[in-house]
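Worksheet for the structure shown next.
All residue numbers in this chain count up from 1 along the given sequence.
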Amino acid sequence: MDTVCNHKHLGNGSIILCHNGAKYTAQALDTLITTLQDKGYEIVKVSDLIYKENYSE
């Protein structure tokens with residue numbers, strides 16, 4: 001968890017991938033989310049970042 005929350009490339013727009021089959025993901029997830037929120041980050045789903053209307057290619 002410390003590796004993610006204090007990573008040198010962590011910043012606005014970062015995408016954090018958690019593997020659901022990893023040994024400690026489930027135990028670390030609550031603390032990971034809380035720590036990132038305490039640092040001022042907002043947790044959103046990737047699908048919320050995708051334009052659904054009014055976009056052009």
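- In this structure, CG on Leu10 lies 7.5 Å from SG on Cys5, to the nearest 0.5 angstrom.
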Atom pairs and distances, side-chain donor-acceptor, residues 13-29, under 3.5 Å, sequence neighbours left out:
from, atom 1, to, atom 2, distance (Å)
Ser14, OG, Gly11, N, 2.8
Ser14, OG, Gly11, O, 2.8
Thr25, OG1, His19, O, 3.0

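- The side-chain hydrogen bond (donor to acceptor under 3.5 Å, both in side chains) analysis of residues 31-41, with sequence neighbours excluded, yields the pairs Asn6-Lys39.
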Result block: side-chain N/O donor-acceptor pairs under 3.5 angstrom for residues 45-53, not counting sequence neighbours:
from, atom 1, to, atom 2, distance (Å)
Lys52, NZ, Ser47, O, 2.8

